[in-house]
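Here is the structure we will look at, set down as structure tokens.
In what follows, chains carry the letters A, B, and so on, assigned in the order in which the sequence lines appear, proteins first and then strands, with residues in each chain numbered from 1.
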Amino acid sequence: MLFSSLIFLFYYLPVVLLIYYITPRKYKNIFLFFANLIFYGWGEPIFIFIMLFSTVTEYFYGILIEKHRHHQKTARILLAASIVTNLSLLGFFKYAGFLAGLLNMIPFFGNIPVPLIPLPIGISFYTFQTMSYAIDVYRNDVSAERNMISFGTYITLFPQLLAGPIVRYKDIKDQLKSRYKNKDSRILTEQFATGVRLFIIGLSKKILIADQMGLLWNSLNVNPHENGLLGSWIGIIAFAMQIYFDFSGYSDMACGLGNMLGFNFLKNFNYPYMADSITDFWRRWHISLSTWFRDYVYIPLGGNRKGRFRTYLNLIAVWFLTGLWHGASWNFVLWGLYFCVILITEKIFLLKLLSLVPTVFRHLYAIVLILFGWIIFSFENISDMAAYLLSMFSLSGGLLKDKSVLGFLPLLFIACFACLPVTKHFYYKIKKHTAFPRFILLAELGVLAVSMLLCTSALVGQSYHPFLYFRF
Amino acid sequence: MKKTNKYELSIVFLFCIMIGGMFLFSIFSGKLDYSVYERRYLAEFPKMSLKTIGSGAFGSEFESYLSDHFTGRSFFVGTNAYYNLAMGRNGSNGIYSTKEGYLIEKPETDSMKTIEKNLKRIADFTAKQRCKSDIMLVPYTGYVLNDTLPLTAAHYYDDKAFDMVKSQNSSLRLIDLRNSFKQKSKEEQLYFKTDHHWTTAGAYAAYLEYCKYIGVEAKPLHYFTVDAFPGFFGTTYARSCQWFSKSDRIELWESKNTHRMSFKVFDDDVTHNRLFFKENLSGNDPYSVFLDGNLGFTKIHNPDVKKGRLLIIKDSFAQCFAPFLAHHYRDIYLVDLRHYREPVSLILSKYGINHILVLYGMNTFSKDENLTWLNR
């Protein structure tokens with residue numbers, strides 16, 4: 001089930017919220033657990049079992065690791081087993097094809113058939129959540145969860161199940177048990193209202209901006225030599241908009257839904273296109289993933305405490321994996337390593353150089369590098385990638401071929417504007433200083449209602465299929 | 001303190017009313033089976049079994065069912081259409097909206113191959129049958145009214161298509177409507193605003209051109225009495241979802257002669273003594289007032305004319321055109337290859353026809369593969 005679907009918005013969500021609020025506190029988690037399963041199983045009923053398997057095994061690993069924590073060796077073996085289990089699941093479902101392709105390159109193995117295995121949705125997210133749990137228990141950062149329902153609810157929590165943010169058990173543990181304790185109705189109402197705002201903002205980001213930018217990008221990435229120079233640049237900007245608004249929109253919806261259920265999740269995006277360096281960019285983009293790799297790969301490998309050479313090696317390993325996490329294809333690895341090289345360069349001297357340059361140029365520098373990064377990210381085939389790159393620098397196709405691209409320009413400008421925190425600052429400033437709170441309230445209600453209307457209209461519009469009328 | 005609470009509470013209320021309200025509406029509102037505008041049957045409630053739920057099929061079919069039967073569907077698709085228009089995406093659903101109130105279909109993409117194939121099929125057929133053959137392609141509305149289209153409009157390839165016809169077979173005579181239509185459209189409404197077809201005035205303009213080609217004196221305007229029927233919303237209206245657009249009028253041009261013509265439907269072996277089926281005007285497809293819509297094999301018989309037999313191989317455009325041409329032929333046979341599968345050559349031999357007119361709208365001609373049945 002997707003958040004941006006009629007069935008979620010107007011069937012699942014109202015029913016789940018209603019029952020959730022009627023349910024007495026001590027049963028809320030159990031209900032939530034079943035609601036999570038229905039959410040997940042709606043699209044992929046079979047894969048529920050894989051998720052449940054991962055959950056149950058991790059639950060037991062957690063308890064066992066804690067039990068044997070003082071026996072370093074035993075604990076280590078258990079931790080290794082947990083990680084291997086998770087990575088095997090991930091490896092099998094997500095990377096089997098990739099690995100087979102890899103092996104086929106070695107003449108010894110010859111022609112292993114490349115299996116086509118369906119990918120269970122969210123597996124990249126929940127396996128990372130379970131792994132973080134096991135590692136945290138091993139490190140004694142958190143005590144193991146004894147209540148299987150609470151643990152299950154955590155792993156399967158529907159807001160972040162499909163697209164993050166990656167929530168660590170230690171960040172949510174207290175909330176699982178006592179998110180309603182010591183909170184009066186005023187605070188809960190505020191939290192719910194914040195959730196509503198976040199959710200509607202996220203929904204609008206996804207439907208009104210991301211999906212439309214996706215249409216624009218799809219019209220420009222098929223035959224790049226027919227785009228015209230301007231067309232190709234518009235295309236990659238459209239993709240940059242699509243992926244940001246899609247991903248951050250989903251994260252916003254996840255946080256908003258979490259709020260509605262009494263949880264507070266950490267922000268996953270912080271206006272990434274406002275970055276003035278690549279280092280800055282990765283502090284703003286998919287924050288839960290980069291911090292995951294930092295805490296569970298980079299630091300265990302030694303971080304930057306083992307000398308320069310080792311630091312670089314560690315960085316390469318982390319970015320190799322970060323790239324690979326995004327997709328089972330070499331271009332994603334290339335994408336990760338691309339940023340790795342830039343990051344190392346920035347670390348060595350570039351950041352200092354940049355600090356001498358006017359702000360505008362720093363931002364320009366970052367944006368251009370990010371855009372080229374997206375080109376690497378969006379073409380799995382190297383020759384397609386090269387063809388697109390070429391079209392961005394050659395005038396052989398003129399400036400702009402397809403005039404319908406112009407129709408997207410207003411929305412493209414709005415999207416670029418929405419990458420800036422301008423609206424947010426404006427909103428908070430007005431709220432703070434206004435003498436007319438009622439007017440502000442009406443305006444806010446109006447904006448939220450209109451956004452919901454436009455999003456719903458777009459969703460219904462997608463289902464409108466007039467019969468081919470040439471028969472008439 | 002209390003003020004803050006009321007503020008936040010209103011936001012919570014709004015949200016709950018929106019999602020809860022739509023939920024209740026959906027459950028308790030009636031369900032239609034058929035969508036008039038989309039001309040299709042709406043999704044049925046999917047089968048609920050362990051198998052369908054297990055495979056996920058139930059889930060996805062249920063979503064189609066939900067969206068098809070969503071309460072206030074036409075309101076939402078209309079809102080979406082106008083929103084896209086406001087955002088500068090004129091043509092987002094395949095229909096361009098002009099200031100003059102025209103809803104114009106986008107040109108087909110990748111059409112040249114099919115046009116070439118169709119031309120070859122016709123050329124092969126006429127060569128084999130050794131009969132006089134003319135071809136009349138009705139240009140796209142968007143081609144003729146090109147100046148009124150939005151900036152972002154795609155290019156209409158009519159010129160390329162016509163060039164292809166000209167360069168093809170010399171035995172196939174082209175009746176080129178482009179210039180006369182471009183001229184006339186400045187003063188008259190040759191195409192519907194809410195439909196992809198031409199108006200009766202447009203068909204008459206084509207009739208004038210055809211008469212010029214065959215060297216016959218066309219019946220003048222005052223020969224006909226015009227009966228106008230307002231409130232027509234056609235195909236482009238349905239597709240555009242711009243519900244506030246103004247409707248068209250369907251005009252029936254009848255002469256004293258028209259009243260004496262008869263219309264035979266070979267498929268049912270029924271002969272009507274009229275060409276226009278006014279009862280269709282209030283139905284789902286008002287354009288079928290002309291010759292009762294798309295039928296496979298039909299004939300217009302004009303007792304006032306001594307001789308002349310013509311076969312029109314057609315799509316829906318000819319239904320509006322043939323009643324004019326019938327003033328000059330005793331029998332006009334009409335074949336729609338989308339609904340007729342018998343060998344057309346048999347019609348030629350059985351009824352002694354040696355003159356063919358191929359009449360298609362540019363859109364259909366660029367997509368239709370049924371002309372392959374010609375050469376059975």
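Ranking Cys241(B), Ala154(B), Gly293(B) against chain A, the residue ahead of the rest is Cys241(B), based on heavy-atom pairs under 4.5 Å. Interface remark: of the candidates Gly20(B), Gly91(B), Ser26(B), Ser26(B) forms the most heavy-atom pairs closer than 4.5 Å to chain A. Chosen from Ala449(A), Ser185(A), Gly41(A), Pro14(A), the residue pairing most often with chain B at heavy-atom distances under 4.5 Å is Pro14(A).
Arg438(A) does not touch chain B: none of its heavy atoms, backbone or side chain, sits under 4.5 Å away. For Leu14(B), the part lying under 4.5 angstrom from a heavy atom of chain A is the side chain only. Only the side chain of Lys431(A) comes within contact range of chain B, with at least one heavy atom under 4.5 Å from a heavy atom of that chain. Using a 4.5 Å cut-off between heavy atoms, Phe75(B) touches chain A through its side chain atoms alone. Heavy atoms of Gln212(A) lying under 4.5 Å from chain B belong exclusively to its side chain. Of the atoms belonging to Ala153(B), it is backbone heavy atoms, and not side-chain ones, that fall under 4.5 Å from chain A. Residue Ile200(A) touches chain B through its side chain alone, counting heavy-atom pairs closer than 4.5 Å. With a 4.5 Å cut-off on non-hydrogen atoms, Ile440(A) touches chain B through its backbone and its side chain both. With a threshold of 4.5 angstrom between heavy atoms, Leu9(A) approaches chain B through N, CA, C or O but not through any side-chain atom. In this structure, chain A has a heavy atom under 4.5 Å from the side chain of Asn84(B), while its backbone stays farther away. Heavy atoms closer than 4.5 Å to chain A are found in the side chain of Phe62(B), but not in its backbone. At a 4.5 Å heavy-atom cutoff, the contact between Val15(A) and chain B is made by side-chain atoms alone. Contact annotation for Leu17(A): only side-chain heavy atoms (C-beta onward) come within less than 4.5 Å of a heavy atom of chain B. Residue Leu409(A): no heavy atom, backbone or side chain, is found under 4.5 Å from chain B.
Other residues, nucleotides and ligands contribute only 12 or fewer heavy atoms inside 6.0 Å of the CG atom of Leu151(B). The environment of Tyr180(A) atom OH is dense: over 12 non-hydrogen atoms of other residues, nucleotides or ligands sit within 6.0 angstrom. Annotation: Phe13(B), atom CZ; neighbour count of heavy atoms from other residues, nucleotides and ligands within 6.0 Å does not exceed 12. In the displayed structure, Phe439(A) atom CZ is contacted under 6.0 Å by at most 12 heavy atoms of other residues, nucleotides or ligands. Heavy-atom neighbours of Asp184(A) CG from other residues, nucleotides or ligands within 6.0 Å: above the threshold of 12. Counted within 6.0 Å of CD on Glu369(B), heavy atoms from surrounding residues, nucleotides or ligands total more than 12; the atom is thus considered enclosed. Around the CZ atom of Phe413(A), the shell of radius 6.0 Å holds no more than 12 heavy atoms that belong to other residues, nucleotides or ligands.
For the pair Ser457(A)/Tyr82(B), no side-chain contact is recorded, criterion being any heavy-atom separation below 4.5 Å from C-beta on. Side chains of Trp42(A) and Glu63(B) form a contact here, defined as non-hydrogen atoms less than 4.5 Å apart. Inter-residue side-chain proximity for Phe76(B) and Leu459(A) is flagged as unmet; no heavy-atom pair is nearer than 4.5 Å. Taking the side chain as every heavy atom from C-beta outward, Ile11(B) and Arg197(A) approach each other to under 4.5 Å. In this structure, the side chains of Arg89(B) and Leu215(A) come closer than 4.5 Å at one or more pairs of heavy atoms. Here the side chains of Leu441(A) and Ser10(B) are in contact, with some heavy-atom distance below 4.5 Å.
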Would Tyr7(B) and Glu444(A) count as a side-chain contact (heavy atoms from CB on, under 4.5 Å) here? Give the steps.
CA-CA 10 Å; Tyr7(B) 191 111; Glu444(A) 195 169 350; 2.4 Å; yes

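Classified by interplanar angle (parallel below 30°, tilted 30° to 60°, perpendicular above 60°), the ring pair Tyr464(A)/Trp243(B) is perpendicular.
Between Met18(B) and Leu448(A), the closest heavy-atom pair is CE-O, 4.4 Å. Nearest heavy-atom pair across Gly461(A) and Asn80(B) is CA-ND2, 3.9 Å. When all heavy atoms are compared, the tightest approach of Thr152(B) to Gly407(A) is CG2-N, 3.4 Å.
Taken to the nearest 0.5 Å, the CE atom of Met87(B) stands 8.5 Å off from the CG atom of Leu208(A). Rounding to the nearest 0.5 Å gives a distance of 5.0 Å between OG1 of Thr79(B) and CG of Leu453(A). Note that CG of Leu18(A) is 8.5 Å distant from CZ of Phe23(B), once rounded to the nearest 0.5 Å.
Residues Phe10(A) and Phe70(B) bring their aromatic ring centres within 6.0 Å.
A donor-acceptor pair is defined here as one N or O able to donate and one able to accept, closer than 3.5 Å; such a pair exists between the side chain of Arg73(B) and the backbone of Ser463(A).
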